[in-house]
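Notes follow the structure.
As a basis for the values below, the full set of heavy atoms in this structure was taken, side chains included, without hydrogen atoms, waters or symmetry mates.
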Amino acid sequence: MLIDDTNNSSSNPSPLLQMKGLRIEGLSDQGWQEIVCGIDLKLNRGEILGLIGESGAGKSTIGLAAMGFAKDGCRIVDGEIDFDGIELRKAPESQKRKLRGTRISYVAQSAAAAFNPAHRLINQFTEGPIEHDLLSEAKAKEKGRNLYRSLDLPDPDHIGDRWPHQVSGGQIQRMMVAMSMSCEPDLIIFDEPTTALDVTTQIEVLKTIKEIVTDRNVAAIYITHDLAVVAQLANHLMVLRYGNLIEVNSTGQILKSPKQEYTQNLLDARIRDEKTTAQIPNPKTLLNLESVTAGYGKGPDILQDVSISVEKGRTVAVVGESGSGKSTLARVLTGLLPPRFGNILFDGEALPDKLKLRTKQQLQKIQMISQLPDTALNPRQRVRDIIGRPLSFYLGLNGKEKEKRINELLRQIELPQDYIDRLPSELSGGEKQRICIARALAAEPELIICDEVTSALDSIVAKAILNLLQRLQNELGVTYLFISHDLDTVANIADQVVVLYAGRVAEQGSKSAVFQPPFHPYTRLLLSSVPEMRQGWLEETLSTQEAKAGIAREVKITEQGCPFAERCPISIEDVCVGSRPPLQTTTSGHVYACQHSKEVLLRESEH
């Protein structure tokens with residue numbers, strides 16, 4: 001195990017949290033296995049320690065151990081966990097329960113899943129202070145509203161009266177941070193709090209976390225697989241792999257000159273590797289969306305007059321923040337949500353609006369890979385059944401012929417043939433996503449809709465999945481509609497890019513046209529919000545006119561004017577709010593919706 005004492009502050013001989021020789025075991029089919037292997041760490045007040053590494057590195061397990069807690073199937077077998085003079089391994093359970101939520105708080109990766117959907121947000125905030133006899137209900141609610149105000153949440157006096165589903169992803173994540181502060185903790189553990197968030201929402205949450213640690217002098221552990229994100233927050237970094245400490249040092253030193261090859265691999269995985277678009281002779285259009293408008297029930301139009309064209313063998317990426325209509329577009333294409341207006345043409349033929357009206361052949365031609373393989377795979381079915389079902393349903397394969405094809409698909413997705421009898425619980429996150437890819441390929445589709453397929457994966461695994469998708473496209477000629485909020489991912493795989501905002505196409509064209517000036521103001525905000533692998537980027541970005549105008553604002557669906565007008569730093573008063581922006585097309589075929597000319601946007605992009 002590697003130790004570097006530079007991560008310890010000599011000016012504070014009594015750290016708030018100290019672990020020595022921490023060892024944790026996990027239960028598997030082979031019995032108890034060591035998953036955290038003798039970890040040491042120290043953390044002082046006012047400091048943020050970043051724990052980084054791939055899935056399975058032991059990051060979350062160490063974070064939970066800082067609370068004196070081990071999840072089901074795990075046990076702390078050795079070492080010391082000293083929190084402000086309290087040895088948590090020896091402390092009675094009643095004492096640890098009093099510490100959790102009061103002096104030690106935990107912020108989960110998915111705030112939407114952590115909140116109770118049946119209770120209003122303010123009532124969930126007050127639960128901790130009331131339960132621990134710290135505040136009355138009235139005082140707890142007042143404190144909640146004050147924290148909402150300090151975290152720049154909209155309408156802080158009333159937002160707590162909403163239900164969890166009535167706030168955006170960035171808002172609910174900040175509300176969870178507020179809840180973690182309800183009892184004035186000394187230590188907060190942030191477990192991947194921005195992994196599934198879009199780039200602008202991520203900036204909101206990072207700003208909030210940094211301000212809390214600085215202003216309130218609390219200590220924090222920040223768990224992530226994204227070095228560029230943690231570089232904006234952490235004073236020191238611990239690089240972990242398979243429960244072992246690989247490297248520990250100041251953040252700046254690790255970014256500048258990592259000592260270990262594995263750390264360098266993590267840095268390299270975050271570097272944008274732009275795909276070069278290959279020439280296809282006589283390209284044919286596979287999918288056409290013509291002026292599609294769609295919504296749910298009697299609600300507003302979530303998609304408004306959307307037109308997209310996808311060529312065979314190409315990858316078209318659809319990007320935008322949460323609430324922009326990306327997932328609604330996927331539902332329309334798969335027949336789960338019939339459009340209110342417009343047409344869908346597939347290979348030149350009209351596609352029925354509703355799923356139940358589509359033929360088996362039409363269903364076969366369009367397959368989908370979901371964002372979360374954990375929920376997309378039946379936990380009781382083995383790999384042979386998961387991949388085998390579309391082989392039987394669409395192609396009529398059975399017996400040895402089906403098993404032979406399953407093995408061929410496993411080879412295509414670069415997994416061993418002995419995985420055929422494994423359950424999803426026996427696979428890593430990346431392996432599960434590969435099985436989802438194989439299931440989609442089994443139907444021999446012409447179009448695969450990839451819905452945020454790498455957003456829940458660590459950077460090394462995500463890069464491997466993107467390489468796999470590209471290789472399969474090169475070999476099979478399959479077409480992808482790639483839905484993502486990650487612009488680095490889009491740069492790695494896309495040929496064409498469609499930027500959606502509030503249900504409308506803000507900009508579309510070749511990747512080179514969209515990612516180079518002149519930018520639509522919304523595209524410029526997205527590009528400027530992608531974290532860079534250097535310290536100080538967050539503060540620099542928050543000072544820009546794009547961030548000041550566009551960060552911490554909701555995506556609002558509107559049928560009048562430009563929906564981005566309220567967030568646009570170059571909005572024309574009394575014009576953009578009231579008049580729909582015209583669609584303008586450049587000589588390269590690049591289309592954008594804006595009142596400003598190409599020359600004005602080019603000038604603004606150069607500032």
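Counting only N and O atoms by type, the side chains of Q173 and T201 include no donor and acceptor under 3.5 Å apart. A donor-acceptor contact under 3.5 angstrom links the side chains of S257 and Q253, judged on distance only. Y222 and Q232 are not linked by any side-chain donor-acceptor pair at a separation below 3.5 angstrom, with hydrogens and angles left out of the test. There is a side-chain donor-acceptor pair under 3.5 Å between Q470 and N474. In this model, a donor atom of one side chain and an acceptor atom of the other lie less than 3.5 Å apart for Y419 and E431.
Judged by distance alone, the side chain of Q473 and the main-chain N or O of R314 form a donor-acceptor pair under 3.5 Å. Under the 3.5 Å distance criterion, the side-chain polar atoms of R471 are matched with a main-chain donor or acceptor of Q412.
With respect to the salt-bridge test (charged N to carboxylate O, under 4.0 angstrom), the residues K400 and E403 do not qualify. Ionic pairing of R241 and E247 is not present here: no N-O contact between side-chain nitrogen and carboxylate oxygen is shorter than 4.0 angstrom. D421 has a carboxylate O that lies under 4.0 Å from a charged side-chain N of R384, or vice versa, which qualifies the two as a salt bridge. Taking a cutoff of 4.0 Å between a charged side-chain nitrogen and a carboxylate oxygen, R103 and D186 qualify as a salt bridge.
Within a 6.0 Å radius of CD in E475, other residues, nucleotides and ligands contribute more than 12 heavy atoms. Within a 6.0 Å radius of CD in E131, other residues, nucleotides and ligands contribute 12 heavy atoms or fewer. Few gaps surround CD on Q535; more than 12 heavy atoms of other groups in view lie less than 6.0 Å from it.
Counting only heavy atoms from C-beta outward, the side chains of I435 and K432 never approach each other to under 4.5 Å. Inter-residue side-chain proximity for M238 and L245 is flagged as met; some heavy-atom pair is nearer than 4.5 Å.
For the atom pair Q417 CD and L409 CG, the distance stands at 11.0 Å (nearest 0.5 Å). Annotation: the span from L266 atom CG to D226 atom CG amounts to 10.0 Å, rounded to 0.5 Å. Put simply, SG on C74 and CD1 on I24 are 7.0 Å apart, with the number rounded to the nearest 0.5 Å. Rounded to the nearest 0.5 Å, atoms CD (Q124) and CE (M175) are 9.5 Å apart. In this structure, CG in L16 is found 5.0 Å from CZ in R45, a value given to the nearest 0.5 Å. Separation of atoms CG (L233) and CZ (F190) is listed at 8.5 Å; rounding is to 0.5 Å.
Shown here for G21 and D40, the closest heavy-atom pair between the two residues is N-OD1, 2.6 Å. For the residue pair E452 and S484, the shortest heavy atom distance occurs at OE1-CA, 3.6 Å. Shown here for A178 and L147, the closest heavy-atom pair between the two residues is O-CD1, 3.6 Å. For the residue pair I188 and S180, the shortest heavy atom distance occurs at CD1-OG, 4.0 Å. Nearest heavy atom pair, residue P164 against residue I172, reads O-CD1, 3.6 Å.
Evaluated for a side chain to side chain contact (heavy atoms under 4.5 Å, CB included) with L481, the options V316, I448, D451 yield exactly one hit, V316. Screening I189, V230, I221, D191 against L51 for a side chain to side chain contact (heavy atoms under 4.5 Å, CB included) leaves a single residue, I221.
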